[in-house]
Amino acid sequence: MTNTDKTVVVLGATGQQGGSVAEALRADGWGVRAVVRDPSGHRARSLSAAGVQTVRGDLGDPESLRAAFSDAHGVFSVQPNSGQAGTDVTDEDEVRFGAAVAEIAERCGVAHLVYSSAVTAGSSTGVAHLDTKNRVETRVRGRDIPSTVIRPATFMELLVTPDMGLDRGHVSFLMRPDQAMQFIAVRDIGRIVAAVFGSPDRYVGRTMEIAGGTLTGNALAEHLTRATGRAISYSRLSDTLPARDEVLCKLEALVDDGRLAGNANLDALRAEFPFLLRFDRWLEGPGADLLNKVLRSPGTGIAPRRRGASGRARPS
Ligand SMILES: NC(=O)c1ccc[n+]([C@@H]2O[C@H](COP(=O)([O-])OP(=O)(O)OC[C@H]3O[C@@H](n4cnc5c(N)ncnc54)[C@H](OP(=O)(O)O)[C@@H]3O)[C@@H](O)[C@H]2O)c1
């Protein structure tokens with residue numbers, strides 16, 4: 001049987017990770033079935049146009065998952081952000097969703113479940129929306145189903161958002177200016193997951209921390225300065241905000257003790273997955289559109305970059 005004859009169900013396919021996984025699986029010849037809440041929505045229609053089968057379903061509706069998983073070879077499981085501003089998904093919802101996916105995949109006889117966790121899983125952090133990942137990992141391992149857990153580092157996409165401060169020529173994030181933190185491009189999560197489904201003998205039973213590169217705060221500012229053609233400086237978030245934020249302090253403490261900074265073996269990962277992007281390459285490639293979008297947003301006062309014949313961003 002080739003990949004073409006097998007179907008992998010992708011959850012969250014209208015989102016970042018699931019979208020990247022669906023694209024990479026299609027590129028490797030897999031049949032892809034996306035569970036979507038609104039099949040008529042813009043993103044679901046884009047998936048259909050790319051050859052992805054879309055079926056209506058909801059993580060909170062076990063019957064819809066059973067229908068979607070029947071006859072599937074694999075399932076990619078990712079849950080929406082929980083317990084934070086801008087989401088109505090509670091931490092308990094996230095754990096319930098992740099546990100339901102594993103249980104139903106087992107009952108449907110799925111041959112390979114890949115669960116996307118987070119870099120901080122493996123120990124209790126005291127941050128509820130991070131510790132949900134530990135709880136789901138436990139539920140996945142408790143099932144009688146071949147599985148792989150990936151623990152992605154913080155996404156590079158988080159570093160290029162309209163509220164990062166590019167318009168003020170000053171960006172802030174969780175690490176100190178001289179402190180290294182690992183990041184991964186969302187595109188590469190999809191490519192790694194496709195490789196995992198493609199070589200179950202190699203990856204079933206493994207838990208893998210994944211990242212594409214390391215950045216200090218100062219290096220982040222240097223890369224953004226080069227990419228925008230405008231001086232960008234950097235400071236740590238807690239040094240920028242007027243009021244003390246308890247969750248932010250905990251997150252920075254997790255960077256300081258290494259758990260959120262990441263401990264992936266980058267050389268070994270690069271040998272295994274040669275496509276992994278460092279931040280500068282990501283900015284020139286998949287991140288270029290995102291950067292241009294931020295630069296085009298009102299108030300930045302920075303001219304968007306044009307793409308040269310090489311496809312790389314260059315000053316206008
Ligand atoms: N940001 C980081 O640096 C980072 C790093 C490691 C791990 N993570 C983890 O990554 C996860 C989020 O992944 P992401 O960024 O790819 O997500 P995302 O882009 O926010 O997309 C969420 C996806 O989940 C779907 N969804 C939401 N509620 C659903 C429900 N009830 N039933 C079915 N589908 C539902 C959404 O579909 P609709 O289109 O219908 O809304 C969408 O496809 C979180 O668990 C987060 O903790 C994040």
Side-chain angles (χ1 to χ4, degrees), residues 9-24 33-47 52 54-65 67-69 75-98 100-101 104 114-122 125 127-137 149-161 173-175 181-190 192-193 208-212 215 247 251 254-255 259-262 264 279 290:
V9 174
V10 177
L11 295 162
T14 53
Q16 299 189 87
Q17 295 194 61
S20 153
V21 168
E23 185 180 344
R33 184 180 298 152
V35 177
V36 297
R37 293 191 290 182
D38 176 12
S40 64
H42 164 69
R43 303 196 70 166
R45 282 190 281 116
S46 301
L47 288 166
V52 172
T54 55
V55 295
R56 187 188 295 277
D58 193 301
L59 286 162
D61 173 6
E63 198 45 57
S64 70
L65 298 182
F69 294 2
V75 170
F76 171 71
S77 174
V78 64
Q79 275 66 58
N81 282 310
S82 70
Q84 296 171 75
T87 172
D88 55 2
V89 179
T90 66
D91 297 328
E92 293 311 312
D93 287 336
E94 180 180 347
V95 176
R96 186 166 51 86
F97 291 164
V101 171
I104 295 166
V114 178
Y115 168 57
S116 182
S117 176
V119 70
T120 47
T125 64
V127 179
H129 75 263
L130 296 180
D131 288 338
T132 50
K133 303 289 186 289
N134 268 334
R135 296 166 64 196
V136 176
E137 284 195 14
V149 174
I150 57 161
R151 292 177 174 167
T154 303
F155 303 164
M156 290 179 188
E157 281 72 5
L158 274 186
L159 300 173
V160 180
T161 60
F173 205 65
L174 296 170
M175 62 282 195
M181 181 166 172
Q182 295 183 343
F183 293 89
I184 189 163
V186 168
R187 183 205 76 171
D188 290 345
I189 299 175
I192 288 176
V193 170
M208 304 158 57
E209 190 170 326
I210 57 172
L215 280 175
V247 173
L251 293 176
L254 286 167
V255 174
R259 285 183 283 173
L260 188 53
F279 186 66
L290 203 55

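In listed order, ligands and their atoms are each counted from 1.
Counting the atoms of ligand 1 from 1 in the order shown, those under 4.0 Å from a heavy atom of P152 are 6 (C). Close contacts of ligand 1 with S117, meaning ligand atoms under 4.0 Å from a residue heavy atom, involve 7 (C). The ligand atoms of ligand 1 that sit less than 4.0 angstrom from a heavy atom of L158 are 1 (N), 3 (O). Ligand-side atoms of ligand 1 in range of K133: 44 (C), 45 (O), 46 (C), 47 (O), range being under 4.0 angstrom from any heavy atom. Short contacts between ligand 1 and G12, defined as distances under 4.0 Å to a heavy atom of the residue, involve ligand atoms 23 (C), 24 (O), 43 (O). The atoms of ligand 1 that sit less than 4.0 Å from any heavy atom of T14 are 36 (C), 37 (O), 38 (P), 39 (O), 42 (C), 43 (O).
In this structure, F69 has no ring-ring contact (aromatic ring centres under 6.0 Å, His included) partners at least two apart in sequence or on a different chain. N81 meets the side-chain hydrogen bond (donor to acceptor under 3.5 Å, both in side chains) test with no other residue; sequence neighbours excluded.
Nearest protein heavy-atom neighbour of atom 21 (O) of ligand 1: G15 CA, 3.4 Å. Nearest protein neighbour of atom 3 (O) of ligand 1, counting heavy atoms only, is F155 N, 2.9 Å. Among protein heavy atoms, atom 32 (N) of ligand 1 sits closest to L59 N, 2.8 Å. Closest to atom 20 (O) of ligand 1, if we only count protein heavy atoms, is N81 ND2, 4.3 Å.
At a threshold of 4.0 Å, the pair E157-R187 does not count as salt-bridged, since none of the basic side-chain nitrogens sits closer than that to a carboxylate oxygen. Electrostatic pairing of K133 and E94 counts as a salt bridge here, judged by a charged N lying under 4.0 Å from a carboxylate O.
In terms of polar-atom proximity, D58 is counted as a contact of ligand 1, with an N or O under 3.5 Å from an N or O of the ligand. Taking any N or O of V89, backbone or side chain, none lies under 3.5 Å from an N or O belonging to ligand 1.
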message: Please evaluate residues Y115 and R151 with respect to the criterion side chain to side chain contact (heavy atoms under 4.5 Å, CB included), reporting the C-alpha separation (whole Å), side-chain torsions for both, the decisive distance (0.1 Å), and the verdict.
response: CA-CA 9 Å; Y115 168 57; R151 292 177 174 167; over 6 Å; no
task: Take R33 and V52 through the side chain to side chain contact (heavy atoms under 4.5 Å, CB included) test and state the conclusion after the steps.
output: CA-CA 6 Å; R33 184 180 298 152; V52 172; over 6 Å; no
- prompt: Please walk me through it: do T154 and Q182 pass side chain to side chain contact (heavy atoms under 4.5 Å, CB included)?
  reply: CA-CA 7 Å; T154 303; Q182 295 183 343; over 6 Å; no
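Of all the heavy atoms of S116, none lies under 4.0 Å from any atom of ligand 1, so neither backbone nor side chain is involved.
Selection from R37, H129, E157 by nearest heavy atom to atom 28 (N) of ligand 1 gives R37. Distances from atom 10 (O) of ligand 1 to the heavy atoms of Q79, Q16, Q17 show the closest one on Q17.
Side chain of N134 to backbone of G122: a donor-acceptor contact under 3.5 angstrom is found.
Assignment of G41 to the shell around ligand 1 is not supported, since no heavy atom sits closer than 4.0 Å. Under a 4.0 Å heavy-atom criterion, D38 is not in contact with ligand 1.
Nearest heavy-atom pair across G262 and V119 is CA-CG2, 3.9 Å. Nearest heavy-atom pair, P152 versus S117, reported as atom, atom and distance to 0.1 Å: CD-O, 3.4 Å.
Annotation: the span from L254 atom CG to L174 atom CG amounts to 9.5 Å, rounded to 0.5 Å.
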